[in-house]
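See structure below.
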Amino acid sequence: MKNTGLLTGGLLLNQNLSAIQPGADPVKIAVVGCGDRGTGIMNILNGMPDQFRITGLLPYAMCSISG
Amino acid sequence: MLDFRLTAAQKLVKPGSVKIYTDYRKLIDDKQVEAIIVAVPLYLHYAVAADVIRSGKHLYLEKTMTYAIDQALELVSLMHGRSNQVLQVGHQYRYSPLYYRVKEMINKGYLGKVTQVDCRWDRNGNWRRPVPDPSLERAINWRMYKEYSGGLAAELLSHQIDFINWVFDTHPQEFFATGGIDVFKDGRETYDNVQLMLRYPDLGLIGNFGAMCGNAHDGYLFKIKGTLGTVSLLTDQGMFYPEKKLLKEKGTVDGVTGATRIVWNKEGGTPILPEATKDGTWYAFNDFYQKILHNELPDSNVFTGARTAISVHLGNQALYSKKICNWDNSYKIG
């Protein structure tokens with residue numbers, strides 16, 4: 001039993017971290033890069049409306065950044 | 001400009017709800033934006049990340065943290081004195097309940113002395129993206145070119161390298177590697193068949209990190225082997241395989257798994273968690289939010305990100321120079 005508690009610690013810790021603070025606003029977040037990874041991230045963020053609100057996008061453009 | 005990328009991204013947000021930028025500096029200057037996610041090709045990480053850091057905004061920087069060693073050290077330097085600013089690097093295993101539990105198991109000694117790690121990230125395909133116009137080849141398939149990418153090691157194996165660094169609070173000292181363009185001789189520069197052998201002499205540990213584009217049988221494989229047992233991981237589920245001598249001590253095995261009733265598969269393994277975990281990115285962003293809220297240092301931060309980035313770069317140096325490389329203890333990471 002002692003070790004059972006230890007080994008569920010990872011799950012419990014992460015569940016605690018997921019608790020939303022009362023009154024906390026979503027973080028206004030912008031995504032730089034809209035390739036496979038960027039759009040995958042946007043999909044995840046869309047499922048976390050209490051934590052994040054996407055307010056800006058920069059599609060990947062090599063020429064705009066390389067300078 | 002890759003307009004089709006913008007079109008795809010715009011489908012993921014409500015019309016009119018976001019500003020679209022063509023210059024990242026203007027996005028950074030937008031006072032409404034509180035945090036920025038950087039998911040650009042690897043060679044651009046440093047330039048964008050450095051400007052975000054200087055702006056004072058929170059930053060989620062995709063892995064691998066930087067393209068080059070000096071850039072990793074420079075980001076560490078730039079973050080000095082910025083304790084109110086969160087920089088999280090996208091090594092998401094540090095947030096997965098499964099990988100967190102495996103770290104606990106190893107740190108508690110349940111695997112005994114760990115001496116070998118076997119990792120693979122294989123596919124049977126060219127790892128290319130479709131190119132609508134030949135002029136966009138390098139912009140879209142940047143992973144194929146050394147000028148932009150660290151290849152399979154940076155894009156895939158860095159996750160597993162980072163996990164080992166995290167579990168043992170260490171980094172490799174010696175880097176051996178081999179590889180080549182062995183399957184897809186299509187003009188690419190980064191190898192499609194790589195094997196990195198990393199040595200952690202203080203731990204008596206060898207890490208084998210391999211990836212290829214010519215066989216998908218193993219796909220993703222991550223095995224951590226100790227004197228008392230083996231952990232075998234996928235990204236979202238894992239099994240524990242005790243060594244025979246551990247099976248003789250039933251109570252110990254019960255403790256390791258934590259299950260009320262041990263269920264063994266045909267190969268003599270038992271699940272580490274009862275259910276598969278979510279996509280690791282979800283856990284990582286959940287923690288990013290909490291760290292912003294509470295102004296805390298993320299588990300995957302600029303220091304750990306630098307350690308892993310340097311590990312990847314030294315692995316790639318060994319790979320492409322065909323020489324043994326060593327960690328330089330003068331690296332100032334903090």
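Worth knowing before you read on, the calculation uses all heavy atoms, side chains too, and leaves out hydrogens, waters and symmetry mates. Each chain gets a letter, A, B and so on, in the order the sequences are listed, and its residues count up from 1.
Rounding to the nearest 0.5 Å places CD1 of B/I37 at 7.0 Å from CD1 of A/I54. Residue B/E34 holds its CD atom at 8.0 Å from OG1 of A/T55, rounded to the nearest 0.5 Å. Atoms CD1 and CG, on A/I44 and B/L12 in that order, are 11.5 Å from each other to the nearest 0.5 Å. Note: B/K14 NZ to A/R53 CZ = 9.5 Å, rounded to the nearest 0.5 Å.
Only the side chain of B/L27 comes within less than 4.5 Å of a heavy atom of chain A; its backbone N, CA, C and O stay farther away. With a threshold of 4.5 angstrom between heavy atoms, B/E62 approaches chain A through side-chain atoms but not through N, CA, C or O.
Contacts with chain A were tallied for B/D279, B/V102, B/I20; B/I20 has the most, counting heavy-atom pairs under 4.5 Å.
Under the 4.5 Å side-chain criterion, counting only non-hydrogen atoms from C-beta, B/I292 is not in contact with A/Q51. Using a 4.5 Å cut-off on side-chain heavy atoms (C-beta onward), A/I41 and B/F285 make contact.
For the pair B/Y21 and A/G56, the tightest heavy-atom approach, listed with the atom from each and the gap, is CE1-CA, 4.0 Å. Residue A/I29 comes nearest to B/I36 through the heavy atom pair CG1-N, 4.3 Å, listed as atom of the first residue, atom of the second, then distance.
Using cut-offs of 30° and 60° on the angle between ring planes, the pair A/F52 and B/Y289 is perpendicular.
Listed by chain and residue number, B/E155 satisfy the salt bridge (Lys or Arg N to Asp or Glu O under 4.0 Å) test with B/R143 (two or more places apart in sequence, or in another chain). Partners of B/Y67 by ring-ring contact (aromatic ring centres under 6.0 Å, His included), not counting sequence neighbours: none found.
Sparse packing is recorded around NZ of B/K26, with 12 or fewer heavy atoms of other residues, nucleotides or ligands lying under 6.0 Å away.
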Evaluate the criterion side-chain contact (heavy atoms from CB on, under 4.5 Å) for residue pair A/R37 and B/T281; output intermediate values, then yes/no.
CA-CA 10 Å; A/R37 187 60 183 146; B/T281 308; 3.0 Å; yes
